[in-house]
Each structure stands twice: as structure tokens, then as C-alpha cells.
*Asks:* 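Below is the structure I would like to discuss, written out as C-alpha cells.
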Amino acid sequence: MTDLTPNSTFLIAGIIFIMIAVIGQSKLGFIEINPGSFGRLLALFMGISSLLYALGLLNFSGGTLDLLRTYLTE
């Protein structure tokens with residue numbers, strides 16, 4: 001992982017958001033995380049959507065969309 005691709009960025013962000021949603025209120029040295037119930041729910045939603053985007057379920061390339069368009073028109 002010498003370069004930071006968009007997929008790895010979304011994967012890391014998804015893992016961090018899921019950790020915030022699961023752990024909730026915590027204090028790590030000088031960093032204090034206190035999201036509240038709405039913040040935990042929002043972090044869970046953002047984490048799941050980031051992981052899905054990183055896995056490619058929401059990341060369609062131009063070639064895939066062209067193949068889908070030609071299949072549907074025929």
C-alpha cells in the first residue's frame with residue numbers, strides 16, 4: 001500500500017466510522033470521542049456506505065455502465 005487509492009481511502013474511513021459507532025464514548029489519551037446516540041447512528045450509516053463503496057457495490061466504472069446500457073437497449 002504505497003499509494004493511497006480511493007478504494008483504500010474509503011476502506012479506512014469505513015473502518016474508522018464503524019469503530020466510532022461501536023465504541024461510542026471513549027477517551028484515548030488527549031482525544032475524547034463522545035458522539036451521542038445520533039452521532040453513533042450516523043457513523044454507522046457512513047461506515048457501512050463507505051465500506052460498500054470501497055468494495056465496489058456502489059462504484060461502477062464507465063465500461064460497466066456502457067455494457068449495462070447496451071444490454072438493456074437490446
*Asks:* Hey, quick one: are I31 and I12 part of the same hydrophobic cluster, counting side-chain heavy atoms closer than 4.5 Å, chains of contacts allowed?
*Replies:* yes

*Asks:* Same cluster or not: L52 versus V22, using hydrophobic residues (I, L, V, M, F, W, Y) connected whenever any side-chain heavy atoms lie under 4.5 Å apart?
*Replies:* yes

*Asks:* Taking atom CZ of F10 and atom CG of L55, what is their separation to the nearest 0.5 Å?
*Replies:* 12.5 Å

*Asks:* What do the steps show when you test I33 against I23 for side-chain contact (heavy atoms from CB on, under 4.5 Å), and what is the final call?
*Replies:* CA-CA 9 Å; I33 300 172; I23 293 173; over 6 Å; no

*Asks:* On a heavy-atom basis, which atom in S50 and which in F17 lie closest, and how many Å separate them?
*Replies:* OG-CD1, 4.5 Å

*Asks:* Atom OH of Y71 and atom OG1 of T73: how far apart are they, to the nearest 0.5 Å?
*Replies:* 11.0 Å

*Asks:* Just verifying a value: how many Å separate M46 CE and L41 CG, rounded to the nearest 0.5 Å?
*Replies:* 12.0 Å

*Asks:* Roughly how far apart are I20 CD1 and I15 CD1, rounded to 0.5 Å?
*Replies:* 12.5 Å

*Asks:* Looking at G24 and P35, what are the two nearest heavy atoms and their distance?
*Replies:* O-CD, 3.5 Å

